[in-house]
J.: 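Can you read through this structure? Questions will come right after.
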Amino acid sequence: MGGVDAQNGETSCSFLLQQLQQIWDEVGETDEDRDKMLLQIDQECLDVYNRKVDQAVRSRAHLLQALADAKVEFSRLLSALGEKTYDGIPEKNSGSIKEQLAAIAPALEKLWKQKDERVKKFLDVQSQIEKIGSEIAGTSEQVESPKVDESDLSLKKLDEFHAQLQDLQKEKSERLHQVLDFVSTIHDLCAVLGIDFFSTVTEVHPSLNDSTGVQSKSISNDTLSSLARTVLALEEDKKQRLQKLQELATQLIDLWNLMDTTEEERSLFDHVTCNISASVDEVSIPGALALDLIEQAEVEVERLDQLKASRMKEIAFKKQAVLEEIFACAHIEIDSEAAQNKIMALIDSGNTEPAELLADMDNQIVKAKEEADSRKEILDKVEKWMASCEEESWLEDYNRDQNRYNASRGAHLNLKRAEKARILVGKIPALVDSLIAKTRAWEQDRDTTFTYDGVPLLAMLDEYMMLRQDREEEKRRLRDQKKFHEQIKEQETPFGSTPSAARPLGTKKVVGPGANGSGNRRLSLNSHQNGSRSTTKDGKRDHSRTVAPVNYVATSKDDADSHISGTEHIPSTQ
């Protein structure tokens, strides 16, 4: 029965009130009842409005809270992402609440999406950091997913993590390079030493074998330390083995030299002797320091030692020959027969170890070489002096030759030799003085007499100086005699007298120990027999026991009866 408002086409309160009035009229409701019912209707309408208003208030409060939460979330996201502003956000309090919510919703969606992407980036970089950190620390436990601090997802923070990751990646690369270097060094050392590389390196860490990828190898501090210790141990082992091998190689060469081992036999151990002077770093051939190679060298040294004992006499005599050769070159006289008899007696008695005897002879050889070196300068001058004396003797013979200027074959060569000989003879006095000075210095320094083939050198020089002076005096006597005969001839010639033919007197020749092919034969001075040079209390040389070289002084055939006067003044080497 409800009425319809023709104007609005809808049911309205006034139309319903008119219908209610008509019903009341038909029913006959009193005005009092009607007023009560109208008041009741008004109250019910007011209650409905109140409920609607409360509902609207709550809805508005909810929208305002949602807007406030959205703004807070927006600010939080901006702060977490490190963004100061965001384009497309309406100004504050512009438009209704729903319009403001509609305006901020898309921005929030973008920020949430950006946050999720940023969290993934943080998660990725932090996972890599923890993984590399775990590799460096050497922990084998499974690495858990890192917790991302969503309160700071700024690009600055992300860059810090990236920088940390780059540092760790660089450190990992350096450590991996160190590991590979250590492994390579261990491989080379194991090859040289003949040691199994695989078992050695896997003992340090199982991941270091060749089947494991490079990136999977352990790079922890413990692994690096263990690798370093392994390298040091192998290097020390290499050093000790090389030292042992070089000692064996030296022994082998010494034994080979002693026993004249053939080159063919020696070549069997070229792999041992080739490293005799090599440094540790220079030995790089695989198996060069293997234990079986060292054992092989030890067995060979032991075999040669036993062989050496059976050939002891031969070896000892060979060393004695070397010693005698050194003494002979140094013009030092030794009793070779007595020395050989002594060696025979020592070996036959068995009281001397073969090694000790050879070592003693080696020591004698060293001392003999030192003695020869100390005499070398004086001996060189002695040889020069002797050569000059031989030239002096030749020059005297040449000067007495009446036909020396004849145009005979080879005369021009003799003339040139004579010119050179005169120069050498002129230097003899200075050479002798220098030789005397050096010989005295040598004797004072060593407190012993310098002998030349068993003869004191200063005695030889004394004799030479005396005979040289003798010759000069004889030359003066001959010149005076010749002058005297010429004066007599001048006086007798006018009376037709013929001077008597006087026998010309020859002159003494002063020659060296090797003159006239006499070698080292010696002629003792008539007052200096079979002795060594000594010094008297007053500091002067005592020549009473001086032995001079045989044929050291040769007299000419024309004056074989002349001799040295003991009353003449003779210059000595004092």
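In what follows, every heavy atom counts, from backbone to side chain, and hydrogens, waters and symmetry copies are set aside.
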J.: Flag the pair Lys120 and Glu117 as a salt bridge only when some basic side-chain nitrogen lies within less than 4.0 angstrom of an acidic carboxylate oxygen.
T.: no

J.: Go through the steps for Asp270 and Ser267 under the test side chain to side chain donor-acceptor pair (under 3.5 Å), then give the verdict.
T.: CA-CA 5 Å; Asp270 283 345; Ser267 64; 4.9 Å; no

J.: Can you list the residues that meet the salt bridge (Lys or Arg N to Asp or Glu O under 4.0 Å) rule with Arg375, with sequence neighbours excluded?
T.: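 Scan of Arg375 (salt bridge (Lys or Arg N to Asp or Glu O under 4.0 Å), adjacent residues dropped) gives none.
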
J.: Donor-acceptor pair, distance only, cut-off 3.5 Å: does the side chain of Asp196 make one with the backbone of Ser199?
T.: yes

J.: Taking the six-membered ring of Phe317, is NZ or CZ of Lys319 closer than 6.0 Å to its centre and within 45° of its axis?
T.: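 Not satisfied by the 6.0 Å and 45° rule.
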
J.: List the residues meeting ring-ring contact (aromatic ring centres under 6.0 Å, His included) with His162, not counting sequence neighbours, and say none if there are none.
T.: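 His162 satisfies ring-ring contact (aromatic ring centres under 6.0 Å, His included) with no residue once adjacent residues are dropped.
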
J.: Would you mind listing every side chain to side chain donor-acceptor pair (under 3.5 Å) that reaches into residues 247-257, with sequence neighbours excluded?
T.: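 Pairs touching residues 247-257 that pass the test: Asn257-Arg266.
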
J.: Just checking, any donor-acceptor pair under 3.5 angstrom between side chains of Gln22 and Glu26?
T.: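 Side-chain D/A pair, Gln22 to Glu26: absent.
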
J.: Quick one: do Arg303 and Glu300 make a salt bridge, cutoff under 4.0 Å?
T.: yes

J.: Listed by chain and number, what are the side chain to side chain donor-acceptor pair (under 3.5 Å) partners of Glu371, not counting sequence neighbours?
T.: none

J.: Taking NZ, NE, NH1 and NH2 as the nitrogens, is one of them in Asp69 or Arg76 under 4.0 Å from a carboxylate oxygen of the other?
T.: no

J.: Does the pair Arg175/Glu135 count as a salt bridge with the N-to-O cut at 4.0 Å?
T.: no

J.: For Phe327, enumerate each residue passing the ring-ring contact (aromatic ring centres under 6.0 Å, His included) test, keeping only those at least two apart in sequence or located in another chain.
T.: none

J.: Output all residues satisfying side chain to side chain donor-acceptor pair (under 3.5 Å) with Lys438, sequence neighbours left out; order by chain, then residue number.
T.: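 Residues passing side chain to side chain donor-acceptor pair (under 3.5 Å) with Lys438: Glu377.
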
J.: Which residue pairs satisfy the side chain to side chain donor-acceptor pair (under 3.5 Å) criterion with at least one member in residues 47-56, sequence neighbours excluded?
T.: Gln43-Asp47

J.: Excluding sequence neighbours, so at least two apart, what forms ring-ring contact (aromatic ring centres under 6.0 Å, His included) with Phe182?
T.: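 Partners of Phe182 under the ring-ring contact (aromatic ring centres under 6.0 Å, His included) test: none.
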
J.: Once rounded to the nearest 0.5 Å, what's the spacing between atom CD1 of Ile129 and atom CD of Gln164?
T.: 4.0 Å

J.: For Lys367, give me all partners under side chain to side chain donor-acceptor pair (under 3.5 Å), at least two apart in sequence or on another chain.
T.: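 Applying side chain to side chain donor-acceptor pair (under 3.5 Å) to Lys367 gives none.
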
J.: With sequence neighbours excluded, what pairs up with Asp380 under the salt bridge (Lys or Arg N to Asp or Glu O under 4.0 Å) test?
T.: Lys376

J.: Holding to side chain to side chain donor-acceptor pair (under 3.5 Å), I want the full list of residues that pass it with Thr262, two or more places apart in sequence or in another chain.
T.: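 Thr262 satisfies side chain to side chain donor-acceptor pair (under 3.5 Å) with no residue once adjacent residues are dropped.
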
J.: Distance check, rounded to the nearest 0.5 Å: Gln21 atom CD versus Glu29 atom CD?
T.: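 Nearest 0.5 Å value for the CD-CD distance: 11.0 Å.
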
J.: If you look only at distance, which donor and acceptor atoms sit under 3.5 Å apart when one is on a side chain in residues 280-294 and the other is two or more places apart or in another chain?
T.:
unit_1: Glu282; atom_1: OE1; unit_2: Ser279; atom_2: N; d: 3.0

